[in-house]
Amino acid sequence: MKTEDLIKALAADTAPEPPVERRLAPALALAGVVTLAGFLVALGPRPDLWAALGDPQVLVKHLIWPLLAVGAVGAALAAARPAAGLGSWRLWLGAVAALVGVAVAVELAALPAEAWGMAFFGKSIAACLTSIPLLALPLLAASLYALASGASTRPRLAGALAGLASGALAATVYAFYCNEDSPLFYGTWYTLGVLAVTGLGALLGPRLLRW
Amino acid sequence: MKRDRAADWISWLSAANRGDEVAYARFLREAAPVIRGIVRARGAGLGEAGGEDVVQEVLMAVHAKRHTWREGEPVQPWLYAIARYKVVDAFRRRGRRVSVPIEDFAEVLPAPAEPDPTEASDMARVIDALDERSAAIVRAIGLDGASVRETGAQFGMTETAVRVALHRAMKRLAILRERMIE
């Protein structure tokens, strides 16, 4: 077939495809329902939630993960478009990391050194490290499905960002169950859980986001 | 007056995304020699027909992923990024490794649009693998240059049905191509 003939056939096909974000939004919403249902069945919100939310330290814990999720979703969408750099999303993600750093520093300054260990280890490392990745799985599937309709020239990066977004959303949900409010705890163990999902996304990206 | 290609491409592709076939054909016709230039510069050894196969692969990718271009953004970097990815991919699948530094593309001159570019062979094979009706529609519009309306009349289909069938056929072609050209 001559290229000119192919062009004629292609040009006649002007049926539009939805942009990636229009696929991602409903996919994430649907997966979010699954994740929330899993959360409510297996974990549920902590009993003292309303009282705890009055504490600024707890508010920071509930703020960091949605902020991270927004940045990661934005960056993942950028990574799904050829020649679109991550741009200011990089700064956004850096700012969230800095926020975690500040929260940890403030906590270290506020607590006597003898109390650091208790805050760091808490009582629920295992629950945290299993719940966040499990809650993230439906979200990761949804975001990889949506990103596959894009055209990532760096599929590993796009996959990792999908994992980061899913992990951060899962951490957002998990934070309502978890009563460990020290940045030493969530800054370490939540982060590890989220990074595990990020790594899984980076592994799956090159397989699932090829085009 | 010097034509501003960047502005032309933006307006043609925007119009294409709103269903303007003429503007879309114009864009693809101008993009093809640029893609050919990239493939030639990188693909010594593919042969002329093999190179044209890769040009067509890139065009298919541009078509399949045109929703990843954002209205108003420059088209060239987007097109080069797609071409770069697909050229590397094509070589990889043909068992050769190349690296295609993107900066070089600024220097690549578009290959002259010959009156009769070499016939590529991959596409014909892939079209043969489609179901009969889809293959006939693609051939009518591509090879015979029929319009959607004429094709509809020929096969007793409405225009909408032809468009839907063509859209599905193009998606199917991209998948088949991926599978067959390993």
Side-chain angles (χ1 to χ4, degrees), chain A residues 1-27 73-89 143-159 161-162 205-211, chain B residues 16-22 24-29 32 36 52 55-56 59-70 73-74 77-82 84-85 89 102 116-124 127 138-139 141-143 145 147-148 151 162-164 166-167 169-170 174 178:
Chain A
M1 184 180 224
K2 293 198 168 127
T3 300
E4 174 56 28
D5 298 334
L6 176 66
I7 288 176
K8 274 187 255 163
L10 292 177
D13 174 25
T14 50
E17 289 281 326
V20 181
E21 48 269 38
R22 285 241 302 279
R23 268 183 218 263
L24 184 62
V73 167
L77 283 172
R81 292 189 296 120
L86 299 188
S88 43
W89 292 115
S143 28
L144 288 173
Y145 155 79
L147 288 181
S149 75
S152 183
T153 53
R154 287 181 290 174
R156 188 175 299 280
L157 173 70
L161 288 167
R207 281 158 208 270
L208 301 180
L209 302 181
R210 272 188 57 201
W211 50 285
Chain B
N17 283 344
R18 282 189 290 279
D20 184 340
E21 289 175 32
V22 177
Y24 191 31
R26 213 175 267 165
F27 165 71
L28 290 172
R29 264 184 208 119
R36 194 172 292 126
E52 203 58 21
V55 170
Q56 294 186 4
L59 280 169
M60 293 284 291
V62 166
H63 179 70
K65 300 299 182 183
R66 65 196 189 282
H67 61 282
T68 63
W69 172 72
R70 261 204 198 157
E73 278 182 4
W78 174 80
L79 179 77
Y80 293 167
I82 291 181
R84 171 180 186 266
Y85 180 81
D89 188 54
I102 195 160
D116 189 23
T118 328
E119 190 138 356
S121 57
D122 284 354
M123 207 60 206
I127 292 174
V138 173
R139 286 202 196 95
I141 294 174
L143 299 175
S147 69
V148 169
T151 308
V162 173
R163 282 188 195 285
V164 170
L166 181 67
H167 187 59
M170 286 307 175
E178 186 85 4

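Just so it is clear: chains get the letters A, B, ... in the order the sequence lines come, proteins before strands, and each one is counted from 1. All values below come from the heavy atoms of this structure, side chains included, with hydrogens, waters and symmetry mates left out.
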Main-chain N/O of B:D122 paired to B:Q56 side chain as donor or acceptor, under 3.5 Å: no
Leading residue by heavy atom contact count with chain A [cutoff under 4.5 Å; candidates B:H63, B:R139, B:R163]: B:H63
Point-to-point distance, once rounded to the nearest 0.5 Å, from CG of A:L10 to CD1 of B:I141: 10.5 Å
Contact winner vs chain A - B:K65, B:M60, B:M123, heavy-atom pairs under 4.5 Å: B:K65
Heavy-atom proximity to chain B below 4.5 Å, by part of A:I7: both
Donor-acceptor pair, side chain of A:W211 and main chain of A:S152, under 3.5 angstrom: yes
Separation of A:R23 CZ from A:Y145 OH (nearest 0.5 Å): 5.0 Å
Options A:P19, A:A12, A:A151, ranked by heavy-atom pairs under 4.5 Å with chain B, top entry: A:A12
Top contributor to chain A contacts, counting heavy-atom pairs under 4.5 Å, from B:N17, B:I82, B:V138, B:V148: B:I82
Interface moiety of B:L79 toward chain A, non-hydrogen atoms closer than 4.5 Å: neither
B:A16 portion near chain A, given a 4.5 angstrom heavy-atom threshold: backbone
Proximity breakdown for A:A80 and chain B, heavy-atom pairs closer than 4.5 Å: backbone
Pair B:L166-B:T151, side chain to side chain contact (heavy atoms under 4.5 Å, CB included): steps then yes or no: CA-CA 11 Å; B:L166 181 67; B:T151 308; over 6 Å; no
A:L147 side chain reached by A:L161 side chain, heavy atoms, under 4.5 Å: no
Side chain / backbone / both / neither for B:R26 at chain A, heavy atoms under 4.5 Å: neither
Among the listed options B:R70, B:R18, B:R66, the residue most often paired with chain A at heavy-atom distances under 4.5 Å: B:R70
Flag for A:E17-B:H167: side-chain donor and acceptor within less than 3.5 Å: yes
